[in-house]
Visitor: 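After the structure tokens below, expect a handful of questions from me.
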Amino acid sequence: RVRFAPSPTGYVHVGSLRTALYNYLFARRHGGVNILRIEDTDRTRYVEGAVENMLRTMEWAGITFDEGPVEGGPCGPYVQSERTEIYRAHADELIARGKAYPCFCTPERLDLVRKSQQAAGIPPMYDRLCRNLTKEEVDRRIAAGEPHVVRMRVPIGEAVRFHDIIRGDIEFDSKTIDDQVLLKSDGFPTYHLANIVDDHFMQITHVIRGEEWLPSTPKHVLLYEAFGWEPPKFAHLPLLLNADRSKLSKRQGDVAVEDYKDKGYLPDALINFVALLGWNPSATEEIFSMDDLVKGFDLERVNKGGAVFNREKLDWMNSEYIRKKSPEELAALVRPLADTRKYIVSDEYLTKVVRVMQERAHTLWDFVDFASYFYVAPDLASADEKYKQKHWTPQAKEHLQNLLPEFESATDWDHDTLEGIVRKYAEANGLSAGKLIHPIRLAVTGKGMGPGLFELLAVIGKEECLRRMRWAVEHL
RNA sequence: GGCCCCUUCGACUAAUGGUUAGGUCACCACCCUUUCACGGUGGCUGAACGGGUUCGAAUCCCGUAGGGGUCACCA
């Protein structure tokens, strides 16, 4: 039983996607249960619609859950803000067991303490002023309505040990562990309390999460001990990194899964790519379907070091997946993108465009923006200058002029007919076909690259091609 | 700064004491070719450093250096 436990604070980070994926793969691989839990205990950071967006993103990515706010399940509710009573009761239990205590320190005082500690060069930690208040004083202050939090009573001078599936045995000295706040003064739990309580009652067996949680794991282990509960197994995943090897951040590029979706990446490609960041099935292949990933996934094989998110490789992988799709499937995906550019074309036409562009596209947008000449006439005035200089010579123009009647009288407008016309003219005039092909390409597309000329002309159609060639001959 | 984690080509990684250190992306060259791409062939580049253990170390141990994470009434 594993869980993905995001906070609804906006978009889904690609690092979160990988965490969700590894949880999913692990569950599916072992016939386990994948649980979704919403960790929305910070009311100040709640973003409207974030949960829905997250759900949509997971669905897009092909990650499914067996229990959660949508699916329900025996351990609900799966939204932490609906479980506050449970956390309060458990905070009380901890106090009763002497493992936690109420703290009346104000944020202002805490701030002051922290600042002086930092100034003195010592690690900032709560100075435990309220740790040994008498029961009478605590009762009196609570009765007086004084705002307070509940803090964990971290044992002094104890080694906290735990095993991490990826990293092995890890040990912390309890003197470096802060008396963490468990229950905030607004009555909501902090992550630490809610997480432990929920993982326990949801019977989570394996906690698979990002490495940034490693330093707080000893607190969690201590909490399990305080409750007398068996802790789950832990697996801390290596971080996803920027090119400079710092934690992948918005400042240095796209981090939201929806950014990649919007930029024309296919879910299978993103999943495949992100799966291989930190894990590898020891095969020489690189392309894996979700099923392949499930079959090969092994937590023990996850790497320890962080992995740089390399966009070029993602692009390559995306183009691999684009090539594998049928033109009809792709056309359906490209349709909404063409719509945003207000390109009016039939499904049949769009499928033809996709077919000739398919092995050249890195993203879905390439079918639209990179190939805009399929939808609207190119602006030849701003055509590729180098290409124009090289191929749009007075002779080329003359040849094109001569060729126009040949094209006009063509009864068919398919690849072979067009090639026949051009090659025949080239031969008759002692030219290499390239001397004609390049200027025609320029006149029709304005670009020096793209699909084969004859298939491209066939897609665009006779009338439009002739119109563009005539215009070029007259104006360029 | 304290604590913790990490370290194989530019990037992602393989190899679990014996390999000319392999693959993929990127890059370069050549082939194919009307361009671009695809495909094919070849190439480039790597064990952070220093000690040990061992017949033998990328692999095990210790140290150093470097990088990262984390130190909230955020998660």
Side-chain angles (χ1 to χ4, degrees), chain A residues 5-9 39-42 44-45 103 105-107 110-111 114 117-118 120-126 147-151 164 166-167 170-173 175-178 180-186 188-192 194-195 209-218 236 238-239 241 243-247 273 276-287 303-317 319 323 357-362 370 384 387 391 419 422-423 426 432-438 440-442 445 447-454 456:
Chain A
S7 264
T9 53
E39 307 221 329
D40 59 345
T41 56
D42 185 358
T44 63
R45 291 214 307 169
C103 167
C105 293
T106 61
L110 261 19
D111 209 40
R114 200 174 301 127
Q117 285 166 330
Q118 277 166 342
I122 53 173
M125 276 173 87
Y126 178 53
H148 63 280
V149 301
V150 174
R151 281 182 187 275
D164 185 281
I166 295 166
R167 281 149 220 286
I170 297 170
E171 181 177 320
F172 287 79
D173 187 332
K175 75 166 181 245
T176 66
I177 303 170
D178 207 352
Q180 190 66 50
V181 170
L182 264 19
L183 206 64
K184 301 179 238 180
S185 56
D186 64 2
F188 275 74
T190 60
Y191 171 85
H192 306 284
N195 198 262
R209 70 213 323 183
E211 190 189 343
E212 69 269 27
W213 293 106
L214 204 48
S216 45
T217 305
H236 287 92
L239 260 19
L241 272 25
D244 67 0
R245 306 204 76 87
S246 57
K247 192 168 150 182
F273 174 69
L276 262 26
L277 255 24
W279 171 78
N280 179 294
S282 189
T284 51
E285 306 94 83
E286 300 272 333
I287 304 297
N303 293 140
K304 298 182 179 87
V308 172
F309 191 96
N310 179 228
R311 184 73 166 258
E312 274 101 49
K313 188 154 182 179
L314 205 213
D315 281 348
W316 165 75
M317 209 164 255
S319 54
R323 273 179 227 131
M357 284 297 296
Q358 194 162 2
E359 66 179 21
R360 270 160 263 265
H362 290 106
F370 197 74
D384 183 339
Y387 193 66
H391 297 290
E419 181 161 21
V422 170
R423 294 215 184 269
S432 71
K435 288 265 182 280
L436 303 171
I437 288 171
H438 291 294
I440 297 172
R441 175 186 293 283
L442 181 76
T445 74
K447 287 197 173 188
M449 57 178 86
L453 179 72
F454 306 115
L456 170 167

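Remember, predicted model here, so these are calculated numbers, not experimental data. Only this structure's heavy atoms are used, side chains among them; waters, hydrogens and symmetry mates stay out.
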Visitor: Please state the C1' separation for the pair B:G1 and B:A11 - nearest whole angstrom.
Guide: 32 Å
Visitor: Which part of the nucleic acid does A:Glu312 contact within heavy-atom distance under 4.0 Å: base, sugar-phosphate only, or nothing?
Guide: sugar-phosphate
Visitor: Would you mind classifying the nucleic acid contact of A:Asn303 as base, sugar-phosphate or nothing, using non-hydrogen atoms under 4.0 angstrom?
Guide: sugar-phosphate
Visitor: Expressed as a whole number of angstroms, how long is the span from A:Arg311:CZ to B:C12:P?
Guide: 17 Å
Visitor: Rounding to an integer number of angstrom, what distance separates B:G51 and B:U59 when you compare their P atoms?
Guide: 14 Å
Visitor: Who is the Watson-Crick or G-U wobble partner of B:C55, with both distances under 3.5 Å?
Guide: B:G18
Visitor: Base, sugar-phosphate alone, or nothing: which one does A:Glu359 contact when heavy atoms must sit under 4.0 Å apart?
Guide: base
Visitor: Can you tell which of B:G69, B:A26, B:A72 lies closest to the side chain of A:Lys247?
Guide: B:G69
Visitor: Answer yes or no: is there a side-chain heavy-atom contact under 4.5 Å between A:Leu276 and A:Lys313?
Guide: no
Visitor: Determine the Euclidean distance between corresponding P atoms of B:G22 and B:U54; express it in Å to zero decimal places.
Guide: 30 Å
Visitor: Roughly how many Å apart are B:A47 and B:U20, using the C1' atom of each and rounding to a whole number?
Guide: 15 Å
Visitor: Among all residues two or more places apart in sequence or in another chain, which pass the side chain to side chain contact (heavy atoms under 4.5 Å, CB included) test with A:Glu39?
Guide: A:Ala5, A:Ser7, A:Arg37, A:Gln80, A:Tyr191, A:Asn195
Visitor: Can you tell me, in whole Å, how much space there is between the P of B:C31 and that of B:A21?
Guide: 32 Å
Visitor: Rounding to an integer number of angstrom, what distance separates B:G63 and B:A26 when you compare their P atoms?
Guide: 42 Å
Visitor: Could you state the atom-to-atom distance from CG of A:Leu314 to P of B:A11 in whole Å?
Guide: 17 Å
Visitor: Taking for each residue the nucleotide of RNA chain B with the nearest heavy atom, is it A:Arg323 or A:Ala243 whose nucleotide lies nearer the 5' end?
Guide: A:Ala243
Visitor: Given that A:Pro123 and A:Tyr191 both sit by RNA chain B, which one's nearest nucleotide is further toward the 5' end?
Guide: A:Pro123
Visitor: Using atom P of each nucleotide, how far apart are B:C62 and B:C4 to the nearest Å?
Guide: 14 Å
Visitor: What is the distance from CH2 of A:Trp316 to C1' of B:G23, rounded to the nearest Å?
Guide: 10 Å
Visitor: List every contact pair, protein side and nucleotides 43-50 of chain B side both N or O, where the distance is under 3.5 Å.
Guide:
none

Visitor: Looking at A:Tyr126, I'd like to know if the NZ or CZ of A:Arg151 sits under 6.0 Å from its six-membered ring centre while staying within 45 degrees of the ring's axis.
Guide: yes
Visitor: In whole angstrom, give the distance that lies between atom CE of A:Met317 and atom C1' of B:C12.
Guide: 9 Å
Visitor: Within a 6.0 Å radius of atom CZ on A:Phe370, are there more than 12 heavy atoms belonging to other residues, nucleotides or ligands?
Guide: no
Visitor: When we call it a touch if two heavy atoms are under 4.0 Å apart, what does A:Gln180 touch: a base, just sugar-phosphate, or nothing?
Guide: nothing
Visitor: Just call it for A:Gly278: base, sugar-phosphate, or nothing, with non-hydrogen atoms closer than 4.0 Å on any strand.
Guide: sugar-phosphate
Visitor: Roughly how far, to the nearest 0.5 Å, is CD of A:Glu359 from OG of A:Ser319?
Guide: 10.5 Å
Visitor: Figure out the CZ/C1' separation between A:Phe454 and B:U35, and round it to whole Å.
Guide: 12 Å
Visitor: Looking for any heavy atom pair under 4.0 Å, which part of the strands does A:Leu277 touch: base, sugar-phosphate only, or nothing?
Guide: sugar-phosphate
Visitor: Using atom C1' of each nucleotide, how far apart are B:C9 and B:G23 to the nearest Å?
Guide: 12 Å
Visitor: For B:C73, does the base pair up with any side-chain atom of A:Thr190 as donor and acceptor (N or O, under 3.5 Å, distance only)?
Guide: no
Visitor: For the side chain of A:Thr9 and the backbone of A:Arg45, is there at least one donor-acceptor N/O pair under 3.5 Å apart?
Guide: no
Visitor: What contact category does A:Pro451 fall into here, base, sugar-phosphate, or nothing, at under 4.0 angstrom with non-hydrogen atoms?
Guide: base
Visitor: Under 4.0 Å, counting only non-hydrogen atoms across every strand here, what does A:Arg167 touch: a base, just sugar-phosphate, or nothing?
Guide: sugar-phosphate
Visitor: Let's go through A:Asp42 and A:Phe188 carefully: what are the C-alpha distance in whole Å and the side-chain angles of both, what is the deciding distance for side-chain contact (heavy atoms from CB on, under 4.5 Å) to 0.1 Å, and is it a yes or a no?
Guide: CA-CA 8 Å; A:Asp42 185 358; A:Phe188 275 74; over 6 Å; no
Visitor: Report which part of the nucleic acid A:Ala433 touches: base, sugar-phosphate, or nothing (heavy-atom distance under 4.0 Å, all strands).
Guide: nothing
